[in-house]
Structure formats: structure tokens, C-alpha cells
Amino acid sequence: MPDNEHLNNRKENGKETVQSTFAGSTAPSHFIRVIIDEDLRVNKNDGRVHTRFPPEPNGYLHIGHAKSICLNFGLASDYGGLCNLRFDDTNPCKEEVEFVESIKEDVRWLGFDWEDREFYASDYFEKLYEYAVQLIKDGKAYVCSLNADEIREYRGTLTEPGKNSPYRNRSAEENLDLFERMREGEFPDGSHVLRANIDMASPNLNMRDPVIYRILHAEHHRTGNTWCIYPMYDFTHCLSDSIEGITHSICTLEFEDHRPLYDWFLDELDVFHPQQIEFARLNLSYTIMSKRKLMELVEEGHVNGWNDPRMPTLGGIRRSGYTPESIRNFCDRIGVAKSNSIVDIALLEYYIREDLNKYSPRVMGVLRPLRVVIENYPEDKVEYFDALNNPEDPGAGMRKVPFSRVLYIEQEDFLEEPPRKFYRLAPGREVRLRYACFIKCVGVVKDETTGEVVELRCTYDPETRGGAAPDGRKVKSTLHWVSAAHSIPAEVRLYDRLFTVENPAGEEDDFKTFLNPESLETLTSCRIEPSLAGAKSGDRYQFERLGYFCVDPDTSKGKPVFNRTVTLRDPWAKIKKREKL
RNA sequence: UGCCCCGUGGUCUAAUGGCAAGACGGCUGACUCUGGAUCAGUUUAUCGAGGUUCGAAUCCUUGCGGGGCAGCCA
């Protein structure tokens, strides 16, 4: 049994916390570090660095969130500060406990620890209410009784100023009374809102008397039915940051226009003032990151759930076999900036290969078996050859691989009429079987009706046992193989990119028209070497010459299922494609 | 048409007034019992026009291009 312990005990399940974000610490600096360095230099915030990762528990996390998680937790760790996990749960209609659990699992899996700092915006509802009351008393907020449509009309447009609400001049007493009765549940949803009193002519739409509280008679996942008014994001977020003593409140670019409002609340209330800093969210080529679109894929059955290995969700990525280490390295390398960009998915693949190459046990498995009979090998004989578990890791040891008269090799490793640059097996040609011996193809058996090659007749050279020829002759290629009688059947799921175009969300047509019809190929007659008999869900292996594979949870006793995480770099595949073979 | 942000090789990110750097990708080659890994080499960039300056990717003006904003979502 190959030693898979390195991999599976490494840095998962929160057992080990990340100290420095990038092994070798070659992660590039970026503008947020420049800001923090300057803050530290002038001793702003008494030299503290305190960040937070603030997901809304209304869906699953994806690789884009991983960028934010690595940024926030990484910065805290690098500067000797802290990072809170805070659930932004101000909309009871969309949020569920299930999501908070999965978010916690994902953050932990990535290797980060928020210790006892698990917070919820809903923890602050009472305090937030008091802040709202203070704004009303200061004449900075009022209860508006326009309906949603009217508020929209009064807001004006991008190019035209809005006009004041007729309720804008209510007295503080009346506002206080109304707001209190909103809280008491006297009014139906939508009948009143609390609004900030700012400027209906502001060129920034967010400043045109934004709503800060709405009536929602809905049960909240944490506060139950305690409240029937809920604060809006802009009001909640800055004050939650302030309450927690956050120094650097890092969010994505679309909140840039909200920053004046973020600052406004904190200034008007005269409370501790964190700094909001915006960065560009991650986009990856050949996939999508929008929660709504991902939901569409799930609900319409284009993928098999949120953790389908094709999904960019952390659940999907994890199931496909990615390691948290590789995701962290990736996030450190892509940098942090303010320009919208699409990172090549090849970079992500590079980091998972880099990681898995170091740690994953090598093993042989044949995906599309082609029967090979070694004519000069005795019927009943079995030999066991020594195979390296991991050439990159001398400590990984060896294992025995059984060899017998009937074997399977990969169908694509034989061509009756080999083109130029095809080094593998062909009639009359000799190749090496990995760790075993040289074989030469002396005959081809075909299906009489279809003409399909169904069996190869070969001879082996007993002198080459162990893989080396005493006479020093070379072969052009080495093939992986399994012994027919000893191998065990397996299902292997081959995953490919989800979309056929780099930026499906940026196309004119609906993104779903670009779904890759070949994003999943399920192979059910694979044969794998017997050492894999005890493989457990989550175990990762390199199938030699094919790629990295991870045992899927669908695995049942005697029926292993593997997901292909990523292929090996494959020059032959490139040649085939280039020369259209 | 208002406001805000962003334009550096194919991609992502550095250089913050002083030799445009790195990673990925691509292409060569070496090595190899994985066409893997490794190693070496190579290819390609400051959106345009003015200005400030001894000197501009960097500062200013302007044009062009891209993105965001009119939820009682976050």
C-alpha cells in the first residue's frame, strides 16, 4: 500500500495553521501592504493590524472567496495581527445555518484559524439600533413612508439628481416614535423605512438618502423572531468593523462607491473609524464566479451539485483533489490589485501539479484497457516487481507490483500505424513496461466485424527484467500497465474545463451555451493495480503518465471511484493537437 | 449622459521620479525506466497625444479603451 500519509496528514482539517502565507516568502508586495506599512510607520491604530473575512451565509464559498480569505488572514498573520470571521447576516430571507457551517468548514480546510473570533453582524443588532436612534436624534436619519417604487422614482437617475422625500422633514420625536413602533412590529413589511439624511442631489447614488433599516417580518437564523426590522449592509458593515476594532476593512471593487457612505456613518456617529480598502475580485478563465450563475448550473442539473468537481466552489475543488496548500500558493501568486482581470486557469493547475508532484504516491492504472498477451511468458507464472512509490521522495519507499502473462495497457499507447513523433507501441516495436521489462509487439488481434484492435500479442525479453537491458539498448518509451488477473476494476471520472470559452460571463450569448459538453467523461472499465484496494475517500495518487487522481466519496466497498484532479503536462497531447492527429 | 475606479508581454503581478522584473503560458534544447519531474535557453509589454523634469510606467492635462453604480441584496 503506497504511503499516502504525507499528503493526507499535512495541513488539512485545520490541524495546522498557516504561519506564513507563502513557502519561501516570495509573494509579491501589493498596494494594501503599502498602505499598512505606512499606517504602521505613523503608528495609526497603535500599530495594530486587524482584518476580517465577512461572508454572507447565503451560499457556498468559491475560489474567489479563497483569494479574500488568504488576503485577510494572510495579512493578519504576516503583520502579527488578527483576522475575524464575521458572518454578514442582515438579510434573514436569504441566510441559513447550513451555509455558515459550510463556510466554516471551507475556511478551516484552507488552513486558517479565527480562534474565538467567530462573529455575526446579528450579534450587534441591539447596538446598531442604538446607533440608528442616535442618528435620528441628531437629525441625520428619518423614517420615510414612501413605498419601494416611489423611493426609486425619488432617487433620480445616473445623470439626474433625486428629489427629497416628503417625509424628510419629520421631527426627531416623530421619527423616534415611528422607528420604535417599526421595531415593535406595528407596521407591515415595506410600509416604512429608516433613511439616512444626506443629499438627494449627490452624484454618488449611494449618498441619496440610503435606506438603513427595513421592515422584514421574517425569522432570522440566529435571532429568531426577536426582530422585524433589519439593518442594511452599508449601515451594518462599517459599524460592525468599528465595533470589532477592525483596522483595515478589505472588500471588492464594487464597494468603492460605497466608501463615502461607510465613512459617513462612522463620522456622524463619531466612533472608531476603520479604513475600507477595495481590491479586484478573482476571475478565472473557462469558469464563472457569480453565485447566481453557479446556482443556475446546479438547479438545472448541468453539474451534479455544489461540490461537483467541475465547480469553482471550494467544495468542488476539494472533491476534485486540490490541496489547500496549492490554493494558498495560487492566491499568493496572483497578487492583489485594483484592475479587473481574468487569471489563466493554467496557473491554478500549475500550483496543484507542483504540490501533488512532491507528495502524491505513484501508482499504475489503466483507464481504457487494451489486452496484451505475452506469448513467451508461462501461463501460471506470477512475478512481483519493485516499484518506487515516489521518485521525488526517497522516503516514500517501494511496493511490489504483480506481473503475469496477460496484461492491460492503455489503448492510446498503441497505434497500428504510428505517425512521426509517436514513441509508443506499434507492430514490431519494442517498449518498456514501467518497472517490469521490455516487450515487443508481434501481432494484432482485431474484431472481425468492426476492425477494432482488441488484443496485442507480444513477447518479452527475460534479460530486461526490472526494466534495464544488459546490452544497453534503449527504447523510446515506457508504458504503464496492470496485470489482468491481479488488477481491480475502478470507475474514473475525467474532468475538463467547464466552459469552452475563456470568459463565458463576458459573451453576448447566455453563458450556458458555452458549457463544455466534454467536461465530464465517466470511465467504468478501468483497471488499477492491487495496492489501491484499500484506498479511502480523499486519498490522492498520481496515476503514472496520466495525471493526479483523488478517491471520490462515491467510492463503495470493492468499487473505487476516482476523480481526475488534473492531467500531467502532456507534450504528446500537444503534438497531437497541433498536428491534428 | 453624471460619479467612481482601472489601463505594463498571450495571462497575472512588480518596479511609486533613476537599467521595465518575476511567475504562468508558448517555443528550443539537455536529461530521464513517467513524453512526468528537473535543468538551460528563448519569445513578447508601459493605450494615444501634449506637458512638468537632467530623467516619466510612475506626476499634471486631455483623448481613447475597459469596469462599476439607479435593491427595502451583500
Side-chain angles (χ1 to χ4, degrees), chain A residues 26-31 34 54-56 58 88-91 93-95 144 146-148 151-153 155-162 189-190 192-195 202-208 210-216 230 232-234 236-237 251-260 278 280 282 285 291 333-351 353-354 357-358 362 364 387-388 391-392 421-424 432-436 438 464 466-468 474-480 502 542-547 567-575:
Chain A
T26 51
S29 183
H30 51 72
F31 78 101
V34 171
E56 182 189 11
N58 72 341
D88 225 327
D89 56 350
T90 56
N91 186 348
C93 310
K94 289 165 52 179
E95 294 147 7
C144 178
L146 255 23
N147 65 37
I151 287 184
R152 192 177 316 116
E153 280 168 35
R155 186 154 36 225
T157 68
L158 292 176
T159 52
E160 298 160 313
D189 289 3
H192 306 281
V193 291
L194 185 71
R195 290 230 252 170
S202 171
N204 181 345
L205 267 51
N206 296 119
M207 300 300 273
R208 320 241 261 227
V211 171
I212 60 184
Y213 264 93
R214 75 284 214 194
I215 301 172
L216 246 29
Y230 292 92
M232 299 287 290
Y233 166 85
D234 287 305
T236 308
H237 204 90
C251 62
T252 46
L253 251 28
E254 68 269 29
F255 293 103
E256 228 155 9
D257 288 340
H258 294 243
R259 184 167 7 107
E278 311 86 12
L282 170 68
S285 59
K291 241 179 228 181
R333 180 53 57 188
I334 55 177
V336 179
K338 298 192 71 158
S339 63
N340 293 300
S341 59
I342 302 176
V343 176
D344 192 342
I345 197 157
L347 188 60
L348 216 210
E349 294 175 345
Y350 168 82
Y351 281 106
R353 286 192 187 108
E354 177 194 63
N357 175 52
K358 284 185 298 210
R362 315 290 133 124
M364 289 195 284
L388 248 26
E392 300 292 317
K421 292 182 183 168
F422 181 86
Y423 302 152
R424 281 109 100 141
R432 173 172 31 237
L433 294 181
R434 179 80 158 153
Y435 297 124
F438 289 8
T464 60
K474 303 275 186 198
V475 287
K476 282 288 259 183
S477 104
T478 301
L479 308 186
H480 61 277
E502 278 192 30
Q542 183 197 102
F543 285 11
E544 293 220 23
R545 305 208 305 134
L546 296 174
T567 61
L568 255 26
R569 281 188 63 229
D570 187 354
W572 171 241
K574 240 173 250 170
I575 293 167

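Below, chains carry the letters A, B, ... as their sequence lines are ordered, and counting in each starts from 1. This is a predicted model, so every value here is computed, not measured. All values below were derived from every heavy atom in this structure, side-chain atoms included, with hydrogens, water molecules and symmetry-related copies excluded.
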**Study point:** A:Ser341 side chain near B:G66 phosphate (N/O to OP1/OP2, under 4.0 Å)
**Key:** no
Check your understanding: How far does the C1' atom of B:C47 sit from the matching atom of B:G9, given to the nearest Å?
Key -> 14 Å
Practice item. Would you please determine if the base of B:G35 is stacked by A:Tyr423, with stacking meaning a centroid separation under 5.5 angstrom and planes under 30 degrees? Key: yes
Check your understanding: Can you tell me how far P of B:G25 sits from CD1 of A:Ile334, to the nearest Å?
Key -> 16 Å
Review point. For B:G26, does OP1 or OP2 lie under 4.0 Å from any side-chain N or O of A:Lys574?
Key: yes
**Study point:** Assigned partner base of B:G2, Watson-Crick or wobble definition, under 3.5 Å
**Key:** B:C69
Practice item. Give the C-alpha distance, both sets of side-chain angles, the deciding distance and a yes or no for side chain to side chain contact (heavy atoms under 4.5 Å, CB included) between A:Gln542 and A:Leu568. Key: CA-CA 9 Å; A:Gln542 183 197 102; A:Leu568 255 26; 3.9 Å; yes
Practice item. Establish, with yes or no, whether the OP1 or OP2 oxygen of B:G25 is under 4.0 angstrom from a side-chain nitrogen or oxygen of A:Arg333. Key: no
Revision key, fill the gap. Among the nucleotides B:A70, B:U34, B:C24, whichever has the atom closest to the side chain of A:Ala346 is B:C24
Point to revise | Pair assignment for B:U8, Watson-Crick or G-U wobble, requiring both distances under 3.5 Å | key: none
Check your understanding: Is the side chain of A:Asp257 donor-acceptor paired with the backbone N or O of A:Asn204 at a distance under 3.5 Å, no angle test?
Key -> no
Check your understanding: Taking OP1 and OP2 of B:A37, is either one under 4.0 Å from a side-chain nitrogen or oxygen of A:Arg569?
Key -> yes
Review point. When the C1' atoms of B:U61 and B:A21 are considered, how many whole Å apart are they?
Key: 30 Å
Point to revise | Length of the line joining A:Leu205:CG and B:U1:P, which is rounded to integer Å | key: 18 Å
**Study point:** Integer angstrom distance from the P of B:G63 to that of B:G10
**Key:** 28 Å
Study note, to complete from the structure: Out of B:C12, B:A37, B:A74, minimum distance to the side chain of A:Glu95 belongs to B:A74
Practice item. For A:Glu153 and B:C72, give me the distance from atom CD to atom C1', rounded to whole Å. Key: 15 Å
Exercise for review: Check whether any side-chain nitrogen or oxygen of A:Arg545 sits under 4.0 Å from OP1 or OP2 of B:G35, and answer yes or no.
Suggested key: yes
Check your understanding: Side chain of A:Arg214: nearest nucleotide among B:C73, B:A70, B:U34?
Key -> B:C73
**Study point:** Nearest-Å distance once atom C1' is located in both B:G18 and B:G26
**Key:** 33 Å
Check your understanding: Any donor-acceptor pair under 3.5 Å joining the side chain of A:Asp257 to the base of B:G68?
Key -> yes
Check your understanding: In terms of the nearest nucleotide of RNA chain B, which residue is placed more toward the 5' end: A:Arg155 or A:Phe31?
Key -> A:Phe31
Revision key, fill the gap. Heavy atoms of A:Thr567 and A:Arg353 approach each other most closely as O-NE, 2.7 Å
**Study point:** Listed nucleotide nearest any side-chain atom of A:Ala337, set B:G35, B:A14, B:C72
**Key:** B:A14
Study note, to complete from the structure: Taking B:A74, B:A70, B:C3 as options, the one with an atom nearest any side-chain atom of A:Pro203 is B:C3
Check your understanding: Between A:Glu56 and A:Asn357, which is nearer to the 5' end of RNA chain B once each is assigned its nearest nucleotide?
Key -> A:Asn357
Review point. Under a 3.5 Å cut-off for both distances, is B:U28 Watson-Crick or wobble paired, and to whom?
Key: B:A40
Review point. With distance as the sole criterion, do the side chain of A:Gln542 and the base of B:U34 form a donor-acceptor contact below 3.5 Å?
Key: yes
Exercise for review: Name the nucleic acid region contacted by A:Val211, choosing base, sugar-phosphate or nothing; use a 4.0 angstrom heavy-atom cut-off, strictly under.
Suggested key: sugar-phosphate
Check your understanding: Which base, if any, makes a Watson-Crick or G-U wobble pair with B:A45, both distances under 3.5 Å?
Key -> none
Point to revise | Between B:G67 (P) and A:Leu282 (CG): distance, integer Å | key: 18 Å
Exercise for review: Check every strand shown and say whether A:Asn91 touches a base, only sugar-phosphate, or nothing at a heavy-atom separation below 4.0 Å.
Suggested key: sugar-phosphate
Revision key, fill the gap. With the side chain defined as heavy atoms from C-beta on, A:His258 is closest, among B:C72, B:C69, B:A74, to B:A74
Point to revise | Nearest-angstrom distance from the residue atom CD of A:Glu278 to P of B:A74 | key: 18 Å
Review point. Does A:Arg152 place a side-chain N or O at less than 4.0 Å from the phosphate oxygens OP1/OP2 of B:G71?
Key: yes
Revision key, fill the gap. Assigned chi class of B:G65 under the 90° convention is anti
Check your understanding: For A:Tyr350 and B:C24, is the shortest distance between a side-chain N/O and OP1 or OP2 below 4.0 Å?
Key -> yes
Review point. OP1 or OP2 of B:C24 less than 4.0 angstrom from a side-chain nitrogen or oxygen of A:Arg353, does that happen here?
Key: no
**Study point:** A:Glu256 CD to B:C3 C1', straight-line distance once rounded to whole Å
**Key:** 12 Å
Check your understanding: Which whole-number value in Å describes the distance from A:Arg432 CZ to B:U34 P?
Key -> 7 Å
Review point. When the P atoms of B:U43 and B:G22 are considered, how many whole Å apart are they?
Key: 12 Å
Exercise for review: Round to a whole Å and report the spacing from CD of A:Glu544 to C1' of B:A37.
Suggested key: 11 Å
Study note, to complete from the structure: Side-chain atoms of A:Ser339 come closest, of B:G67, B:G68, B:U13, to B:U13
Practice item. Indicate whether OP1 or OP2 belonging to B:A74 is found under 4.0 Å from a side-chain N or O atom of A:Thr90. Key: yes
Exercise for review: Taking atom P in both B:A40 and B:G25, compute the distance separating them and give it to the nearest angstrom.
Suggested key: 15 Å
**Study point:** P-based separation of B:U58 from B:G48 [nearest Å]
**Key:** 10 Å
Review point. Among B:C72, B:U1, B:G35, which is the nearest nucleotide to the side chain of A:Thr159?
Key: B:U1
**Study point:** Distance, P atom - from B:C64 to B:G55, rounded to whole angstrom
**Key:** 29 Å
Check your understanding: Out of B:U11, B:G68, B:C72, which has the shortest distance to the side chain of A:Asp344?
Key -> B:U11
